Structures are given as structure tokens and as C-alpha cells.
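A, B, ... follow the sequence lines: proteins, then strands. Residue 1 opens every chain. In this text, all values refer to a predicted model and were calculated from it rather than measured experimentally.
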Number of protein chains: 2
Amino acid sequence: MANENKITLAGLAKLASVSTSTVSRALNDNPLIKKETRERLQALAKEHNFSLNRAASRLRTQKTNVVAVILNLTDSTDQSISDPFLLKVVGDLNQELNQMGYELLLSNSLMATEDWANYFISSSRADGIIVIGQGKSTDNIEKVANSGAPLVVWGDPIGLSNYSVVGSNNELGGYLATKHLIEGACKNILFLGDPEHAEMSERHKGYIRALTEFNLDVRRNLTLSCDITSKAAYDKIAAAILEKGLFFDGVVATSDMVALGALKALKERYIGIPSDVGIVGFDDIAMAELLHPSLTTIKQDTKSAAKIMVQQLVKQLNGQAAQSTVIDIELIERNSSRTH
Amino acid sequence: MANENKITLAGLAKLASVSTSTVSRALNDNPLIKKETRERLQALAKEHNFSLNRAASRLRTQKTNVVAVILNLTDSTDQSISDPFLLKVVGDLNQELNQMGYELLLSNSLMATEDWANYFISSSRADGIIVIGQGKSTDNIEKVANSGAPLVVWGDPIGLSNYSVVGSNNELGGYLATKHLIEGACKNILFLGDPEHAEMSERHKGYIRALTEFNLDVRRNLTLSCDITSKAAYDKIAAAILEKGLFFDGVVATSDMVALGALKALKERYIGIPSDVGIVGFDDIAMAELLHPSLTTIKQDTKSAAKIMVQQLVKQLNGQAAQSTVIDIELIERNSSRTH
DNA sequence: TTGAAAGCGCTACCAA
DNA sequence: TTGGTAGCGCTTTCAA
């Protein structure tokens, strides 16, 4: 079925009685080659099922047309690997990279080496790196940045960094979520999430800003630190209620998955949503509108984010400087919170 | 910050006053080289931040150590791209591939070319291909199989195929889901899903088998054909009820996301779950146990599946034949169905 | 508009 | 246990 020996560019050249230069140019659509010749050779290549050997052309051109995408996981729990939001970002990046002629090499921070620039760039595995999530420590990311490798990070674009960060306006998101609950007459609003995380800490700042602005007592700290998984949120809420009763009437969750965990813990205790407790999530994953009650949340526009991340990376691949970019967020009002 | 010119293996050899052969062997941990020499050279490489150029070694060895993973999407809706189950499979494959020394090149079926073997294998982009999902047509997959390229497919392992398929026992899953509802006293059980899909059609067979076995009337066909997305399921259920009222008391959903859409449509109409209608999903995505009520479902063991898929692929990469494998499934009883 | 030829950086055969 | 060296398949400079 398969042809005997894989044909090479040289073989194709012989078949067509032209030089390898000509075939190479023709297959790369180089306008130097007469259009007829180009088309003839392209047809011949297709006929013989020939594809350029990328290993060879990468070696020769010193360019891979591959981008490494690193899921920067905080811990190794299954849950965080499969957060639909992160995976959605990967999917959108894949689309966008393909469109720009790049392939996506998927990786995660649990890999053996910590020297990402060396592993991916020096070794010619990829031309650039996109890191999804700043995690709790940005050491590895900074190492890449210092190496000068093309790099874009999905994270918090507000804080200072010497590399290009694309991310939502997390502070504003936290603020809007909290304000929305306050305007729905919530008085004791819980912040549920991990303030050590760069992005989450910004959301927390927004939460504090809203409380302050509306003269709610900030000192009674209703911040419940918890990992960014549904399970952790579920456990935290359950434990908190067991210990202190229902001491809150609103929850600002740091992600939709966290909100989901909280929602379950509350519903199991027959606490009315939103009548007793209003909840706002963050991300707007597909599931948010399908929950019952549907989840009010802060939507992150992953499509635009992916487009901009790729743009910023391509800029660097072309030797230009890249900036950090703030992506607009939007409050999506649904049924898990009272309207005002 | 970065060293002037990127150092090569030859440069390193000169520095160490040994031959390039020795350095190459040392860095590849070849036991031919004396242990001391090996360690000395590895240390030197680390010190100079040297990584082997993969483009070069791939060209030389004709091996990439890369596996292309193709998400075989049925349509281009955002929803199906972001089905948490598919993405979970990708995540598990990534872990497993890394462990075996392979990298994961992520792709999807929306790419320009349809000749996957040519694009990935002939071009030396990857050594093998894993396709996630058989979709409605297996034409592209069969083309790869016929080319002789190493290939493993996540799909329905029961039906005949001339390539290695790894997948759950879908027929049994459909059967168990249906039986469970029947034993919970459901009399009119809806099958919600797309029977054109290879995997879904097996689940449908299991559904029919259970109905038959328990003497329920199979002729009154309660199969509601619907795309594998929450949105589609939601719309279908809503439309069906509008037209015919609540003519069913059980739903076998073809995936958890489909179950989620059905759940929402029912709850919005104040239909009790499981008192009025019992629901069983398929997949056991993370969210299933966090829904309210938590979702009874057929668990697919993606961890084992990923391990076996990689094993079967590696077999082929080593020139051995690979088989299809059936992964065990398990009914996870939760609160969306009545217990018996 | 096309061709000749050098060489990208590595590996593995053969020799020592 | 180590070294010399050919060559993987392509691109691109220089020449025609």
C-alpha cells in the first residue's frame, strides 16, 4: 500500500528533471519560480505523497514554527489539571496558533526540567513559549524571561513584570462581583480563593475595594483561603458552616469551579440560592449557565485573549518588543445572585 | 545576559578536548562512555546551558519522539471543543506520553489538511498519531491506518476496524445505565444522544438490550437524537416537553454534558430529579458529583485508557502489532437516579 | 528564472 | 573506552 522508500526532495527533483533548489522554492511557494513550474512541482509532490521533512528544514532554517504551551499547574491534583477554564484557553490558543502557521506543543509544569527556555528553545523544540497561569511562584517564568526567549504569559497583567503578560482585569472583576452582591443587599460577603496566587490576589483587592467603597466593615475579614478546586471549596464551606453557622450571605468565588463547590455545599444544607446566599463565580465556563441556579459570573474572554497572546508572541518572534495587555471582563448576571 | 553565540555539541567537545562522538554519547547517557567522562561532560553541558539540538538529532535519527494528538471534533461549535471529558483525555495522555519520553503535539480535525499521516508522519513532525474520538466519519482515520503509520484511536473498540482502538465498553455502559433506571422503577426511558456516532450507537444498543431484557416496549421509540452538547440537549428536552408533555420518567444521556443540559431543562420546569425523572450520564467528569443533585453516571477510566493508548502506540513504534482494548466502565450511583 | 554546492548540528558506523 | 567521518534532507547564497 505504502510506497517502497520514502521519497525525498532530491528524488522529486530528479523525477522532474530540475534542481533541488527549484523544488524547494516551488514547494515553499517562492515567487522566484515561474508559476507554471511551481504548480507542476506541487502537483508532482501531491501525486507522490511527498511532504517536506520538517526536521531537515528546521535544522537548516533554525526555526521550528512550533510554540510550547505550558500549563503552569499549582499542584498536581487531577482537579486543577482538568479545570475547564484552563483547557478552554489551550483550545483557543490551538486555533489561533494554527491560524498563524504555528503548531502547539503541549506541556505542563510537572515536567522534569525547570529550565524551560533551555528545554524548549535552545534545543530547537519550539520558537517561543506561552505559559498559562502564573501560579504561586513566578521563578520559572522569570528564568525564561531573563534568557531572552520569546514568551507570553496568561496571568495578571497589572502587576509589574519584565515579560509580556496577557490577562483579565482581575481587580475590576473582583470589584464588580462584590459590588453586584452588595447591590443585591448582601451584607456579609465571603471571598473564597487563594490570595497567594497573583491573579487571585488582584481579585481579592477588588473585593476589598468594593467593601470599602460601600462602607462595609473590612476588618471582619471574611476571606476564606482555599485551593482553586471545587473539592477544596466544598470542604472549606462545609467546615466553615459547621464551625460558625451561616455567617455570610454572599460568596465571591475565585473561579467557577470554586463557585460550583460552594454551591453544592450550600444546597446540601438547604440554604437558598440566591435567597439566603448569593454567589458570583469567575471565568464563565460553558457550564456556568447550565447550573441550577445558573451562575452569575465574571466572564473572561478567552478567544480575544488567545488572539492577543499569539500576536504578542509573534511580535517577539519577529524581534519586536511586546507589551502586557489587559483583557476586558464582563459581569454576566444569572440566577445565583439577586438582582437589584 | 545570554551567552554570546549558542554553543554546539562540537564546541563543547573542543572545550572538553574530546571528540564529538564522545560528547554525543555522554549526553545521551550511553554506557559505552566511562561513567566519569559521562558525568564530567554532562556537568559541562549544564554549566554552559547546552541542550542538544533536536532538529539535528531528529534529522539524523529519523525519530522525533513526538506524538500528534488529534481532537477529532464532530463540528466546530465551541461547546464540543471544550467538552471537559475530551480535554481530560488530552491531559491524561500528556502525562502518560511525557512519562514515556514523548512530547505531545496538539491538533484538531479542523486543520487544513485531511491527510494526517502525510502531514504528521511523512514530514517528520511526529512518530505516531493518537486520534481522540471517531466522530461520525472514520474516513480520515482509515486513511492514516492504510498508510501504515503508528496509530491509536480513542473510540469504540467493539466494532471492526483495521487499526487499534481503545475505548470503553459502551454497549455495557448503555445497558447498565438503562438497567439501573429500570430497577429504580422507571418505565419510560429516553435515550438522549447521537446514534450516528460510533461510540454513542453502541451505548444505544445497550439501552435497547436492557429495555428488551426487562420487557419494556422497545417499539415506542424514546430515542431523542441530539448533538453531544449541553445546549443541544437542553433545547431538545425543552422542545419535547413543550410538544408532548412529560412523557418519560428516565433519561439515559450519552455524556455528562448532555445530562447537564437535560437536567437544567427539567429543573426549570420544576420537574423533580429523581422523583419525577431519573437521569444517568456518561463519563463521570469532575463536575458530575458536584451537581445538585449529583449525577449518577457511567465512569470512563481515562487514566487507564491513556496509559493503554500510549502503550499500544509505543508497541507500534517498536514495530510490533497493536490490539484494540476495552476499558472497564463502572456505574457510579449518585442522587440523580432512584436507588433500588 | 534556474542550478551548484555548502552546511545546519547531530549520530553511528567503523576503526583504534 | 574513545575518535574520525560520512551523511540525514533541506535551504540559500552565489553564479549563470
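- End-to-end axis angle for the helix from dT1(C)-dA16(D) to dA16(C)-dT1(D), using five pairs per end and rounding to 10°, comes out at 30°.
- A donor-acceptor distance shorter than 3.5 angstrom exists from the side chain of Asp127(A) to the backbone of Asn65(A), with no hydrogens or angles considered.
- Heavy-atom minimum distance, Ala45(A) versus Leu27(A): CB-CD2, 3.8 Å.
- Each of Leu59(A) and Thr37(B) was assigned the nucleotide of DNA chain D with the nearest heavy atom; the assignment lying further toward the 5' end belongs to Thr37(B).
- Between Leu52(B) and Leu9(B), the closest side-chain pair of non-hydrogen atoms falls below 4.5 Å.
- Salt bridge status for Asp139(A) with Lys143(A): absent, with no side-chain N to carboxylate O gap under 4.0 Å.
- Of all nucleotides in DNA chain D, those with any atom nearer than 4.0 Å to a heavy atom of chain B start and finish, going 5' to 3', at dT1(D) to dG9(D).
- Contact annotation: the side chain of Ile130(B) never approaches that of Val153(B) to less than 4.5 Å [non-hydrogen atoms, C-beta and beyond].
- Rounded to an integer number of Å, the gap from Lys6(B) NZ to dG9(C) P is 8 Å.
- Side-chain contact of Gln99(B) with Lys307(B): a donor-acceptor pair under 3.5 Å is absent, judged by distance alone.
- Between the side chain of Ser109(A) and the backbone N or O of Leu73(A), at least one donor-acceptor pair lies under 3.5 Å.
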Worksheet item: Once each nucleotide of nucleotides 10-16 of chain C is scored for protein heavy atoms under 4.0 Å, what B/S/- sequence comes out, 5' to 3'?
Response: BBBBB--
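- The distance from atom CG of Leu32(A) to atom P of dG3(C) is 13 Å, rounded to the nearest whole Å.
- Using a 4.5 Å heavy-atom cutoff, the side chains of Trp154(B) and Met309(B) are in contact.
- With sequence neighbours left out, the salt bridge (charged side-chain N to carboxylate O under 4.0 Å, His left out) criterion links Arg125(B) to Glu103(A).
- A donor-acceptor pair is defined here as one N or O able to donate and one able to accept, closer than 3.5 Å; such a pair exists between the side chain of Asn108(B) and the backbone of Leu110(B).
- Listed by chain and residue number, Asp29(B) satisfy the side-chain hydrogen bond (donor to acceptor under 3.5 Å, both in side chains) test with Arg38(B) (two or more places apart in sequence, or in another chain).
- Thr22(A) and Ser19(A) share a donor-acceptor pair across their side chains, judged by distance under 3.5 Å alone.
- Shortest non-hydrogen contact noted between Leu41(A) and Val18(A) is CD2-CG2, 4.2 Å.
- Taking a 4.0 Å limit (strictly below) on heavy-atom distances, residues 122-129 of chain A does not reach DNA chain C anywhere.
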